[in-house]
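The structure appears right after this line, and notes come after that.
Note: hydrogens, waters and symmetry copies are ignored here, and every other heavy atom, side chains too, is used. The chain is numbered in sequence order, starting from 1.
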Amino acid sequence: MTSIHTNPHLKVFPGRRGASTVLIVAANAAERERLAAALPEYTCITVPTAHDAELVLAAGGVAVVVVTTDLEDMPGLEWLGQLRRRNQTVMRLFTPTESREDLAIASVNIAGVFRYVRDATEEGNLARAVSEAIEVSGHRSGPPCMREAVAKTIKAHAKCRTSTEG
C-alpha cells in the first residue's frame with residue numbers, strides 16, 4: 001500500500017514559511033506544475049489521482065483543494081462531489097481544463113465548490129480564489145489550539161451577555 005511519504009507521484013512545492021497548504025489534483029503533470037506555479041506564496045502538494053489526494057487529506061493540514069476536470073482514476077467533479085457528501089471541511093475549488101457552462105453548473109450542483117476558476121492561468125485568478133477560500137474557512141486563524149481558545153472565549157462571552165446574573 002502506498003503512503004503519502006512513499007508516493008512517487010506526490011510533489012511538494014514549498015511556499016513561504018507558515019503558508020497554508022493547497023492540494024492540487026490533476027491527471028496531467030504539466031497542468032499540476034502550472035497550477036502550483038500560480039500559487040508561489042502557498043505550500044502546494046500535487047497528485048494525479050483522487051486516491052493519492054485522499055491519502056494527503058487523511059494526513060491533515062490541507063486548507064484548499066484545487067481540482068481539474070480529469071484525474072487519473074476518475075472525473076474531478078465526481079471526486080469533489082464525494083468530498084462534499086462526506087462533509088470534508090476542506091475548501092474545494094474547481095479549475096476546468098476547458099471552461100463550459102455545463103461544468104460550471106455541475107461544479108456547484110454536484111460538487112458544491114467554493115469557486116469555479118474559469119482561467120487559472122490568467123494572472124492572479126487562482127491565487128485570489130485560494131486566498132478567499134482560506135479567508136472564508138478561517139484557516140489563517142492559527143493552530144488548532146489557538147482556534148479552540150478563541151472559540152471558548154467567544155462562547156463564554158456569548159453566555160455572559162445572555163446571563164441574567166450579570
Below 4.5 Å, heavy atoms only, C-beta onward: do [X] and [Y] meet side chain to side chain?
X    : Y    : result
H9   : V47  : no
I45  : V22  : no
F13  : T43  : no
I134 : V130 : yes
L93  : V113 : no

Out of curiosity, [X] [atom1] to [Y] [atom2], how far, rounded to the nearest 0.5 Å?
X   : Y   : atom1 : atom2 : value
M91 : S20 : CE    : OG    : 12.0 Å
D52 : L57 : CG    : CG    : 11.0 Å
E72 : T49 : CD    : OG1   : 6.5 Å
T69 : E31 : OG1   : CD    : 7.0 Å

Determine, using the 4.5 Å side-chain heavy-atom cutoff (strictly less than), whether [X] and [Y] are members of one ILVMFWY cluster.
X    : Y    : value
M74  : V67  : yes
V117 : I105 : no
L83  : I110 : no

Listed once per pair and sorted, the salt bridge (Lys or Arg N to Asp or Glu O under 4.0 Å) pairs that draw on [range], sequence neighbours left out:
range           : answer
residues 55-67  : none
residues 85-101 : E54-R86, R100-D102
residues 36-46  : none

Apply the side-chain contact (heavy atoms from CB on, under 4.5 Å) test between F94 and each candidate in L77, V66, V108, V65; give the one that qualifies.
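Result: among L77, V66, V108, V65, L77 is the only option passing the side-chain contact (heavy atoms from CB on, under 4.5 Å) with F94.
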
TODO: Pick out which of L35, T68, L71 makes a side-chain contact (heavy atoms from CB on, under 4.5 Å) with V25.
DONE: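 Among L35, T68, L71, the one that satisfies the side-chain contact (heavy atoms from CB on, under 4.5 Å) with V25 is L71.
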
Just to verify, what does N28 make a side-chain hydrogen bond (donor to acceptor under 3.5 Å, both in side chains) with, not counting sequence neighbours?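 N28 satisfies side-chain hydrogen bond (donor to acceptor under 3.5 Å, both in side chains) with no other residue.
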
Partners of R118 by salt bridge (charged side-chain N to carboxylate O under 4.0 Å, His left out), sequence neighbours excluded?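 Testing R118 for salt bridge (charged side-chain N to carboxylate O under 4.0 Å, His left out), a comparison that skips the adjacent residues, returns none.
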
Item to complete: For E33, enumerate each residue passing the salt bridge (charged side-chain N to carboxylate O under 4.0 Å, His left out) test, keeping only those at least two apart in sequence or located in another chain.
Response: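 Salt bridge (charged side-chain N to carboxylate O under 4.0 Å, His left out) check on E33 returns K11.
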
Mind listing the closest non-hydrogen atom pair of [X] and [Y] along with its distance?
X    : Y    : answer
A120 : L126 : O-CB, 4.0 Å
A129 : F114 : O-CE2, 4.2 Å
G112 : R84  : N-NH1, 3.5 Å
S107 : A104 : OG-O, 2.7 Å

Indicate whether any N or O donor in one side chain lies under 3.5 Å from an N or O acceptor in the other, for T95 and Y116.
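Not at all, the side chains of T95 and Y116 share no donor-acceptor pair under 3.5 Å.
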
query: Any sub-3.5 Å donor-acceptor pair from S131's side-chain atoms to A127's backbone N or O?
result: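 No: the side chain of S131 does not pair with the backbone of A127.
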
Indicate yes or no for a side-chain donor-acceptor contact from D73 to the backbone of H51 under 3.5 Å, with no hydrogens or angles considered.
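Answer holds: yes.
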
